[in-house]
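These numbers come from the heavy atoms of this one structure, side chains and all, not from hydrogens, waters or symmetry mates.
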Amino acid sequence: MATTPGELIARSNRLGSDPRVTNYAGGNTSAKGTEIDPVTGEPVELMWVKGSGGDLGTLTESGLAVLRLDRLRALVDVYPGLDREDEMVAAFDYTLHGKGGAAPSIDTAMHGLVDAAHVDHLHPDSGIAFATAKYGEKLTKKAFGNKVAWVDWRRPGFQLGLDIAAIKAANPQAVGVILGGHGITAWGATSKEAEQNSLWIIRTAEEYIAAKGKKNPFGATVKKNAALPVAERRAKAAALAATIRGIASHDRPMVGHFTDSDVVLDFLASASAPRLAALGTSCPDHFLRTKVKPMLLDLPANASVEASIARLKELHEAYRKDYTSYYEKHAVVSTSSTTGSPAMRGADPLIVLVPGVGMFSYGANKQTARVAGEFYVNAINVMRGAEAISSYAPISDAEKFRIEYWALEEAKLARMPKPKSHATRVALVTGAASGIGKAIATRLAADGACVVIADLDLAKAQAAAAEIGDTDVAVGLQVNVTDAAAIATLVQDAVLAFGGLDIVVNNAGVSLSKPLLETTEQDWDFQHDIMAKGSFLVSKATAPVLIEQGMGGDVIYISSKNSVFAGPNNIAYSATKADQAHQVRLLAVELGEHGIKVNGINPDGVVRGSGIFAAGWGANRAKTYGIDEQDLGKFYAQRTILKREVLPENVANAVSVLTGPDLSHTTGLHIPVDAGVAAAFLR
């Protein structure tokens, strides 16, 4: 029976990488074997099992819990019964073997008590379709014969492990079970056999649904809810995004994700969508991510944006009342924190469905929001399968509540690390492919924000975003800030990427160093179009998003020491920077009533990494001062009070502070980041 963690990890990664097999972070796998106990020198039976919170597709050895089987099985003798089975999770800690490893999950008993060397517990859409079908037990017998048994719904825990162990013992020919309302569990004498049995159950379920199920399980297509053309639906999605994010963030800020896949659009266009959406999801992994049910806009696809926004706000009020009633109906009221239900975590939807347009999903970060959407796609697939072979019959709201507000789930949430200062915030930074803009985007991402790298050079913008993180953290988009239409496209793509906007940094800039008599009208227009006009256009295009969300926000202008300092050969650049500086004051007054702060930063002499200095500005300024260009940074440092060179990261630090929680009452301010230039002191 000897095995190794490596064999289990390889199997887990294969199973977890296939979305037909299980969803992200869903399910668990185990293997039993022997090792030499370093204390006694004798063989000891062990079980390796995926620990709490891990993902099968990316599982490594550190994600496994390792337990002694003799001690785990001995817990059967002290099991206090169903009313106290949650206590068994803490008891698992006393069965652990060795150092390190992951915390055992609630499903540990399912693996340890079942008499099989290898066990897989998975959440395949086809398997859950049987698990949530009205006549699931009868259908399981028809589809699988005596090779797969049925287990009535029971909340995951020690008793479920006992139930499955008893069913396996009574059905030696069985290779697995369908868990009512939940998923599947399969086993084998070898790792290969367990994997084959898992895949056989999934494949057999898929084939049965395809062969025996109704061809149109969701019913006829409702023409008025059919998918809009791609460009039209994306434009409408962007127009609704700020409103919907505000709805999802009423109780706490959320990051968003948008999906307009065929699976979603076809479901929303079907006659059954309203009925099935109201029934909610069933698998615990699904509704813990998606809430018990979504919010569905009950207007046709061609409804105007204005009508849709008004109706969404009405539906939000109704949703909150309904969710509050659900909580109050099922919550256990107690003065004890150990026996009473946890406080309500929020009454806003995490999934919002718009016929003809698509699905908006929300979470505490982009990955969570994206995965919530993926889970609801899983739920749609489950509904289709269940409706094809019978009718969709999820577990009751009472049972959903017992999962959603489970003390063990609450404890898991309490163990999560404290959010970073800019968690849930979405930042748009212009001119961010290099220099100051890139440093700002990098810092905000490190602070927990999602960032949009906007730059005239798309390839460089995408490369900069990839350096910062994957698309759950940063995306690179192209924009010409002198073009209002291009900015509108940028804002549309940004809000569809992350759900909305919270921070806008007007950083894009260029510079020419010329005296008055050599400055042409084209020079003047070039600089003013990019910086003064560009900042105005970006602020104008993003302000409606910030206002409609109702979540406040920050607008930052990267101005310059030159906005207040009269230097030589600098008429066009300094004048446009002064324009930007006054935009800060004007917008601070105008946007303050919406909770939006507008502040500016006045850097000076940022040479290293600067696109402006590399494009000729540095050479011109060096010539003006009579020094070598390579010494320009040192020259600027020596003329400051602090004698320090200003780096892009210094400007990024100022942006972080201005947009962070500590300066929540500061607006209309310009912060010098110039190492001290007395002539540029603000008076």
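- Between Asp163 and Asp152, every side-chain heavy-atom pair lies at or beyond the 4.5 Å cut-off.
- Surrounding CG of Asp115 are at most 12 heavy atoms belonging to other residues, nucleotides or ligands under 6.0 Å away.
- Within a 6.0 Å radius of NZ in Lys293, other residues, nucleotides and ligands contribute 12 heavy atoms or fewer.
- Atom OG in Ser325 sits 10.0 Å away from atom NE2 in His330 (nearest 0.5 Å).
- Panel note: side chain Ser126, backbone Ile202; a donor-acceptor pair is recorded below 3.5 Å.
- In summary, Glu195 and Lys192 do not engage in a salt bridge, as defined by a charged side-chain N under 4.0 Å from a carboxylate O.
- Of the possible donor and acceptor atoms, none in the side chain of Ser656 sits under 3.5 Å from a partner among the backbone N and O of Ala652.
- At a cut-off of 3.5 Å, with distance as the only test, no side-chain donor of Asn197 or Glu193 sits close to an acceptor on the other residue.
- Pairing each heavy atom of Gly183 with each of Ile128, the nearest pair is CA-CG1, 4.0 Å.
- With sequence neighbours excluded, no residue satisfies ring pair (Phe, Tyr, Trp, His ring centres under 6.0 Å) with Tyr362.
- The ring pair (Phe, Tyr, Trp, His ring centres under 6.0 Å) test applied to Phe158 returns Tyr79, not counting sequence neighbours.
- Checked by atom type and distance alone, the side chain of Asp120 never pairs as donor or acceptor with a backbone atom of Trp187 at under 3.5 Å.
- Judged by distance alone, the side chain of Asp348 and the main-chain N or O of Asp251 form a donor-acceptor pair under 3.5 Å.
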Exercise for the section: Let me see the working for Arg289 and Asp285 under salt bridge (Lys or Arg N to Asp or Glu O under 4.0 Å), right down to the final yes or no. Expected result: CA-CA 7 Å; Arg289 302 270 190 165; Asp285 270 30; over 6 Å; no

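- Summarising the local packing, CD of Glu409 is surrounded by more than 12 heavy atoms from other residues, nucleotides or ligands at distances under 6.0 Å.
- Side chain to side chain, Ser30 and His111 meet the donor-acceptor criterion of an N or O pair below 3.5 Å.
- Under the 3.5 Å distance criterion, the side-chain polar atoms of Glu85 are left unmatched by any main-chain donor or acceptor of Gly157.
- Between Val475 and Ala497, the closest heavy-atom pair is CG2-CB, 4.3 Å.
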Practice task
Start with the C-alpha gap between Asp86 and Arg155, add the side-chain angles, then the distance that decides, and say whether salt bridge (Lys or Arg N to Asp or Glu O under 4.0 Å) holds.
Solution key: CA-CA 11 Å; Asp86 287 3; Arg155 191 173 68 169; 3.6 Å; yes

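- Each side chain to side chain donor-acceptor pair (under 3.5 Å) pair with one or both residues in residues 368-385, not counting sequence neighbours, appears once here: Asp125-Asn378, Asp125-Asn381, Asn365-Thr368, Arg370-Glu374, Arg370-Asp472, Asn381-Arg384.
- Under the 30°/60° scheme for interplanar angles, the aromatic rings of His182 and His121 are found to stand perpendicular.
- Closest of all the heavy-atom pairs between Thr290 and Ala372 is CG2-O, 3.5 Å.
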Practice task
Verify salt bridge (Lys or Arg N to Asp or Glu O under 4.0 Å) between Glu399 and Arg402, making sure each step is shown before the conclusion.
Solution key: CA-CA 5 Å; Glu399 288 299 310; Arg402 292 183 67 230; 3.1 Å; yes

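- In this structure, Arg71 places its CZ atom where only 12 or fewer heavy-atom neighbours from other residues, nucleotides or ligands lie under 6.0 Å away.
- Between the side chain of Asp447 and the main chain of Ser421, no donor-acceptor pair closer than 3.5 Å is present.
- For the pair Glu45 (side chain) and Lys32 (backbone), a donor-acceptor distance under 3.5 Å is absent.
- Between Phe401 and the options Tyr326, Tyr323, Phe287, a ring pair (Phe, Tyr, Trp, His ring centres under 6.0 Å) holds for only Tyr326.
- There is no side-chain donor-acceptor pair under 3.5 Å between Thr259 and Ser261.
- When all heavy atoms of Thr204 and Ala143 are compared, the pair lying nearest together is CG2-O, 3.6 Å.
- For Ser52 (side chain) and Ser105 (main-chain N/O), no donor-acceptor pair under 3.5 Å exists by modelled atom type.
- Side-chain polar atoms of Ser282 and Thr132 form no donor-acceptor pair below 3.5 angstrom.
- Using cut-offs of 30° and 60° for the angle between ring planes, the Phe360 and Phe258 rings count as tilted.
- Side chain of Ser249 to main chain of Gly246: no donor-acceptor pair is present (N/O by atom type, distance under 3.5 Å, no hydrogens or angles).
- Distance OG1/Thr185 to CD1/Ile164: 4.5 Å, rounded to 0.5 Å.
- A salt bridge links Asp502 with Arg245: the closest approach of a Lys/Arg side-chain nitrogen to an acidic carboxylate oxygen falls below 4.0 angstrom.
- When all heavy atoms of Ser361 and Ala369 are compared, the closest pair comes out as OG-O, 2.7 Å.
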